[in-house]
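Computed over heavy atoms, backbone and side chain alike; hydrogens, waters and symmetry mates excluded. Throughout, residue positions are numbered sequentially from 1 according to the sequence presented. Numbering of ligands and ligand atoms starts at 1, following listing order.
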Amino acid sequence: MRKIIIDTDTATDDAAALLIALAQPDTEILAVTTVAGNIPLEKGTRNALMTIETAGRSIPVYPGAAAPLYRPLVTADGVHGKDGLGDRDLVHPTRRPEQTHGVTKLLELVRTYPDEIEIIALGPATNLALAILQDRETMAHVKHIWSMGTGGFGPGNCTPVAEFNVYVDAEAYQILLSAGIPLTIIGFDLCLGEAALTRGDLDVLAAGNPVMQFMEKATSAVVAFNENSGHGTFADLPDAVAMGCALWPEMVKKTVSVWAYCCTKEEPSYGQVIFYDRTVPMSVSCEIPPDNAVVVKTIDPVLFKKKFTDALASL
Ligand code: RIB
Ligand code: CA
């Protein structure tokens with residue numbers, strides 16, 4: 001049984017990722033920790049509680065950081081809706097969050113289960129960075145971190161070079177990259193194209209069980225954002241792709257080991273994550289520190305969407 005902690009700024013695609021994890025019989029979700037990102041912390045926490053309740057499960061939710069380490073919070077309510085789940089009046093949780101801070105709980109669990117816990121990081125890395133700063137030795141016993149972050153091998157979605165999760169708290173992401181914890185990065189590039197849910201895929205959800213209908217409604221704002229941006233009718237779900245890569249290794253086709261570095265000093269490059277991929281010949285040989293991440297380069301998008309739909313249908 002895999003033990004995981006899900007750290008999330010619960011909006012549309014985070015909810016999709018949570019539902020995937022909740023549907024996995026071989027995976028024990030020890031805790032959900034929430035972090036400010038897509039929406040303010042309190043809303044993201046309510047969304048996590050509501051998503052878990054919709055799946056008929058009871059997993060403790062621990063609120064974490066309400067703001068990035070240094071900069072004011074940047075949200076994405078223009079993409080996910082004011083409530084983060086499509087503004088379809090879906091969010092009425094009956095359970096309340098736990099009183100323990102998410103960072104405190106994360107460290108407690110890693111001390112209890114050293115070298116066993118995998119963290120699925122779906123929002124800004126603020127909670128993870130705070131845990132590392134607070135107790136680096138304990139965090140060295142995290143088995144693996146799966147991070148939805150960076151543009152992968154594509155452009156940013158927040159600035160031309162920065163993906164949202166990293167852009168919200170680039171200093172936190174650099175702390176994560178420097179911590180020496182086994183890390184797999186799933187970039188934004190992987191959720192586009194064939195991996196994005198088409199109108200036909202969404203209609204299958206709308207005709208499905210209550211969990212599938214919840215998910216389809218929650219994608220409303222993301223679909224509208226993509227349509228209004230002239231990109232077409234689809235729902236890209238980066239966090240669900242990241243959770244899929246973590247829990248369904250058969251969908252991962254190619255990975256590459258890199259040294260990754262996150263830019264934090266200059267505004268134009270703030271949140272850009274540079275990958276030094278040693279397989280690419282360089283004309284100038286330069287001293288590169290040891291690799292600190294594995295980046296997923298390609299996935300099987302058709303397999304991802306089938307497993308995603310099957311997972312929600314099983315709840
Ligand atoms: O850039 C996409 C990421 O930012 C996803 O995790 C999405 O939920 C937002 O947090
Ligand atoms: Ca997220």
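- For ligand 1, the atoms lying closer than 4.0 Å to a non-hydrogen atom of Asn157 are 1 (O), 2 (C).
- Within the 4.0 Å heavy-atom cutoff, Pro238 counts among the residues contacting ligand 1.
- With respect to the salt-bridge test (charged N to carboxylate O, under 4.0 angstrom), the residues Glu250 and Lys306 do not qualify.
- Between Leu122 and ligand 1, a contact under 3.5 Å exists for at least one N or O pair.
- Open room surrounds CD on Gln99; 12 or fewer heavy atoms of other groups in view lie less than 6.0 Å from it.
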> Do Leu303 and Trp248 pass the side chain to side chain contact (heavy atoms under 4.5 Å, CB included) test, and can you show the C-alpha distance, the side-chain angles, and the key distance before you say yes or no?
Replying inline: CA-CA 10 Å; Leu303 180 59; Trp248 303 324; over 6 Å; no
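- Checked against the 6.0 Å centroid threshold, Phe188 and Phe164 do not count as a close aromatic pair.
- Relative orientation of the Tyr270 and Tyr167 rings is perpendicular, given thresholds of 30° and 60° on the angle between their planes.
- Each of the atoms 2 (C), 3 (C), 5 (C), 6 (O) of ligand 1 lies under 4.0 Å from some heavy atom of Met148.
- When only non-hydrogen protein atoms are considered, atom 5 (C) of ligand 1 lies nearest to Asp13 OD2, 3.2 Å.
- The single protein non-hydrogen atom nearest to atom 9 (C) of ligand 1 is Asn38 OD1, 3.1 Å, given as residue, atom name and distance.
- One distance of note links CE of Met215 with CG of Leu197; it measures 8.0 Å at 0.5 Å rounding.
- With respect to atom 3 (C) of ligand 1, the closest heavy atom belonging to the protein is Glu163 OE2, 3.3 Å.
- With respect to Asp291 and Arg278, a salt bridge is recorded, a charged nitrogen being found less than 4.0 Å from a carboxylate O.
- A salt bridge links Arg111 to Asp135: one of the charged nitrogens lies within less than 4.0 Å of a carboxylate oxygen.
- Closest to atom 6 (O) of ligand 1 among all protein heavy atoms lies Asp239 OD1, 2.6 Å.
- For ligand 1, the atoms closer than 4.0 angstrom to any heavy atom of Asp14 are 8 (O).
- Taking the Ca ion (ligand 2) as reference, Asp239 places its N/O/S atom OD2 nearest.
- Vertex the Ca ion (ligand 2); arms to Asp9 OD1 and Leu122 O; angle rounded to 10 degrees, 90°.
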